[in-house]
Amino acid sequence: MYLMSAILVAVFCFGVSSCSKDSDDSGDKSDLIGTWDFESYRYYDEENDSWTDPEPESGYWVITPNTITEYDVENGINGISADYTYDGQKIVIGGWITWKVVTLTNSKLVLQGESFAGYSEEVTLKKR
C-alpha cells in the first residue's frame, strides 16, 4: 500500500504521460464528481508481457468540478490538491499529469498512465 501512495505522490510531483483512448466506457465530467476510494493498483510487467495481479490500495480522492484532492492518512497524505481537466478520454491533473480513462461509470473509475519511472500502471477506484 505504501508503494501506491509513494507513486501517487511522485505522480503529483513528476507527472505521467498517457496513451490514446481505447475504451467506450467513459462517462461525462459529472460522473467524476464525488469521493473515490482506491481499490487496487497494478502495473504492466514487460518481462512477462502482462499486467500484474491487482494489489489492494488505501486512500481516496475527492473530486469537485475543478480540483482533485488526495487523502491517504495511512501513508501521510492529507489533502494534496490540484486543478484538473477532463475531455472524455483523459484526466489531466495540474496541467501535466495525464491519466487515460479506461472506465468511468457512476460507481467505477479505472485509470491508466505511465509512471515517472517509465512503466505502465493502472488504478481502480470505487465511488462512495
Side-chain angles (χ1 to χ4, degrees):
M1 288 191 284
Y2 178 75
L3 173 64
M4 181 59 186
S5 293
I7 288 170
L8 287 174
V9 168
V11 166
F12 272 103
C13 295
F14 298 108
V16 296
S17 63
S18 161
C19 304
S20 64
K21 182 179 187 291
D22 62 4
S23 171
D24 292 328
D25 197 10
S26 60
D28 61 29
K29 189 171 183 175
S30 66
D31 289 327
L32 282 174
I33 309 307
T35 301
W36 294 89
D37 293 308
F38 283 98
E39 285 198 323
S40 65
Y41 166 81
R42 65 184 187 156
Y43 68 92
Y44 192 77
D45 181 353
E46 290 185 17
E47 186 175 305
N48 293 315
D49 195 26
S50 65
W51 287 96
T52 60
D53 291 334
E55 298 179 17
E57 257 326 302
S58 65
Y60 62 96
W61 278 355
V62 175
I63 302 178
T64 70
N66 299 310
T67 62
I68 295 177
T69 304
E70 181 180 0
Y71 296 90
D72 188 351
V73 176
E74 182 177 313
N75 292 302
I77 301 170
N78 244 349
I80 298 172
S81 293
D83 293 339
Y84 76 97
T85 60
Y86 174 63
D87 68 3
Q89 297 181 4
K90 63 186 179 288
I91 297 172
V92 179
I93 302 170
W96 52 281
I97 301 166
T98 303
W99 287 101
K100 177 177 109 177
V101 176
V102 177
T103 302
L104 173 58
T105 67
N106 62 359
S107 63
K108 183 177 182 178
L109 176 59
V110 179
L111 303 172
Q112 288 181 349
E114 186 176 314
S115 76
F116 69 95
Y119 58 86
S120 296
E121 58 189 348
E122 180 179 275
V123 293
T124 300
L125 300 97
K126 182 178 181 180
K127 198 174 215 177
R128 286 188 189 172

Subject >> Enclosure of K108 NZ (heavy-atom neighbours >12, cutoff 6.0 Å) >> reply: no
Original post:
Are I97 and Y71 co-members of a hydrophobic cluster defined by side-chain heavy atoms under 4.5 Å apart?
Top reply: no
Original post:
Rounded to the nearest 0.5 Å, how far apart are CG of L104 and CG of D28?
Top reply: 7.5 Å
**OP:** Output the distance between atom CD (E114) and atom CH2 (W99), rounded to the nearest 0.5 Å.
**Re:** 11.0 Å
Original post:
Between I91 and Y86, what is the shortest heavy-atom contact and its length?
Top reply: CG1-CD1, 3.7 Å
Original post:
Roughly how far, to the nearest 0.5 Å, is the CD atom of E122 from the OG1 atom of T103?
Top reply: 8.0 Å
Original post:
Can you name the ring-ring contact (aromatic ring centres under 6.0 Å, His included) partners of Y84, sequence neighbours left out?
Top reply: none
Original post:
Just how far is it from atom CD of E70 to atom CD1 of I63, taken to the nearest 0.5 Å?
Top reply: 11.0 Å
Subject >> Those residues that, when tested against D45, pass side chain to side chain donor-acceptor pair (under 3.5 Å) (two or more places apart) >> reply: N48
Original post:
If you look at every heavy atom in G94 and A82, which pair is closest and at what distance?
Top reply: N-CB, 4.2 Å
**OP:** Please answer: with hydrophobic residues joined when any side-chain heavy atoms are less than 4.5 Å apart, are L125 and Y43 in the same cluster?
**Re:** yes
Original post:
Are I93 and W96 co-members of a hydrophobic cluster defined by side-chain heavy atoms under 4.5 Å apart?
Top reply: yes
**OP:** Please identify each residue that fulfils salt bridge (charged side-chain N to carboxylate O under 4.0 Å, His left out) with D83, with sequence neighbours left out.
**Re:** none
Original post:
Which heavy-atom pair separates K127 from N106 by the least distance, and what is that distance?
Top reply: CD-O, 3.1 Å
Original post:
Taking C-beta and beyond as the side chain, do T69 and I80 meet within less than 4.5 Å on heavy atoms?
Top reply: no
**OP:** First locate atom CG of L109, then atom CZ of F38, and finally report the distance between them rounded to the nearest 0.5 Å.
**Re:** 8.5 Å
Original post:
Going by the angle between their ring planes, with limits at 30° and 60°, are W51 and Y44 parallel, tilted or perpendicular?
Top reply: perpendicular
**OP:** Please answer: with hydrophobic residues joined when any side-chain heavy atoms are less than 4.5 Å apart, are I33 and Y60 in the same cluster?
**Re:** no
Original post:
Taking atom CG of D37 and atom OG1 of T124, what is their separation to the nearest 0.5 Å?
Top reply: 12.5 Å
